[in-house]
Amino acid sequence: AQKITQTQPGMFVQEKEAVTLDCTYDTSDPSYGLFWYKQPSSGEMIFLIYQGSYDQQNATEGRYSLNFQKARKSANLVISASQLGDSAMYFCAMREWQAGTALIFGKGTTLSVSS
Amino acid sequence: EAGVAQSPRYKIIEKRQSVAFWCNPISGHATLYWYQQILGQGPKLLIQFQNNGVVDDSQLPKDRFSAERLKGVDSTLKIQPAKLEDSAVYLCASSPEGGLAGGNTDTQYFGPGTRLTVL
């Protein structure tokens with residue numbers, strides 16, 4: 001079974017609009033962390049935001065926020081006020097504490113922002 | 001603070017040839033990871049080092065892939081001999097503690113990657 005599922009291969013949004021990128025996960029480990037990374041065409045993976053399984057509040061980092069719904073096992077990324085520079089591939093990833101520290105990635109969602 | 005450095009950025013070889021990739025992690029980071037990212041997929045862990053010891057190499061194809069991290073700093077990943085299916089981007093990442101602290105303090109930071117094409 002897939003540990004991380006990103007069901008949207010591609011998303012399109014206009015500048016200044018908000019967009020939500022979906023991520024669901026599957027784990028039986030009570031201690032885990034969820035990460036979102038951005039990968040522009042240059043190839044580098046850029047860390048955006050982190051949510052721990054015991055965190056009571058949704059994580060926020062500038063224009064990025066994580067809509068964490070633990071019971072539904074979803075960790076959607078919300079980007080507010082999209083910019084042209086947000087066009088990239090976005091990956092959701094999970095680390096299960098019992099399994100070690102390596103990240104398990106989803107297949108990614110391509111976001112295209114138009115003017 | 002300098003990020004994770006990788007070289008070369010691009011490499012084209014023929015099958016059955018050998019190739020090596022180099023990674024220099026963020027200064028002071030104890031843990032180093034090598035991931036393989038095949039086109040259209042998310043990265044997959046190949047090997048993880050804690051200082052100069054191997055923590056997890058369960059997904060490393062050991063018949064052709066090898067990696068080392070001498071002195072607990074730089075690392076080299078080698079493929080010998082290469083196959084067509086090894087065409088991918090090889091990403092190096094580092095983190096401060098490798099899970100001992102957990103949480104956001106253990107975020108992995110990635111280098112620009114090496115794009116390998118095997119013909």
Side-chain angles (χ1 to χ4, degrees), chain A residues 2-7 9-10 21 23 25 29-61 64 66 68 88-110, chain B residues 3-11 21 23 26 29-50 54-60 88-116:
Chain A
Q2 292 272 4
K3 289 270 189 177
I4 296 287
T5 302
Q6 295 180 254
T7 57
L21 306 183
C23 173
Y25 59 92
D29 190 338
S31 299
Y32 55 89
L34 297 158
F35 300 76
W36 277 92
Y37 284 85
K38 171 184 177 181
Q39 188 175 43
S41 56
S42 59
E44 186 170 354
M45 298 284 281
I46 302 167
F47 166 71
L48 295 177
I49 196 166
Y50 166 84
Q51 180 86 41
S53 59
Y54 296 115
D55 292 344
Q56 296 296 312
Q57 294 190 328
N58 287 344
T60 60
E61 289 285 350
Y64 304 107
L66 202 152
F68 182 46
M89 192 77 153
Y90 288 80
F91 289 95
C92 179
M94 175 174 66
R95 181 174 63 218
E96 300 169 294
W97 255 245
Q98 291 178 8
T101 62
L103 294 174
I104 304 165
F105 285 85
K107 292 188 175 182
T109 295
T110 301
Chain B
V4 177
Q6 288 189 249
S7 67
R9 291 295 313 276
Y10 305 92
K11 190 74 177 178
F21 313 128
C23 172
I26 293 173
H29 279 195
T31 307
L32 186 148
Y33 308 81
W34 283 101
Y35 289 85
Q36 180 192 57
Q37 185 179 18
I38 293 172
L39 187 64
Q41 298 182 19
K44 184 188 78 171
L45 179 74
L46 290 175
I47 189 167
Q48 175 187 346
F49 293 94
Q50 179 88 11
V54 175
V55 173
D56 183 357
D57 64 356
S58 58
Q59 298 188 77
L60 187 75
V89 175
Y90 291 84
L91 294 163
C92 179
S94 69
S95 66
E97 303 198 31
L100 299 178
N104 205 16
T105 60
D106 206 37
T107 295
Q108 294 180 28
Y109 296 93
F110 286 78
T114 296
R115 185 178 299 275
L116 174 67

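Within every chain, numbering begins at 1; the chains are lettered A, B, ... in the order of the sequence lines, protein sequences first and strands thereafter. Note that this is a predicted model, so its numbers are computed, not measured.
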Which heavy atom of A/F91 sits nearest a heavy atom of B/Q37, and at what distance? CZ-NE2, 3.3 Å
Could you look at A/Q39 and say if it's the side chain, the backbone, both or neither that has a heavy atom under 4.5 Å from chain B? side chain
Looking only at B/P112, B/P43, B/G113, the option with the highest number of non-hydrogen pairs under 4.5 Å against chain A is B/P43
Which heavy-atom pair separates A/G43 from B/L91 by the least distance, and what is that distance? O-CD2, 4.0 Å
Of all heavy-atom pairs linking B/Q108 and A/Y37, the shortest is O-OH, 2.6 Å
Donor-acceptor pair, distance only, cut-off 3.5 Å: does the side chain of B/Y35 make one with the backbone of A/L103? yes
Looking only at A/C92, A/A102, A/A93, A/G52, the option with the highest number of non-hydrogen pairs under 4.5 Å against chain B is A/A102
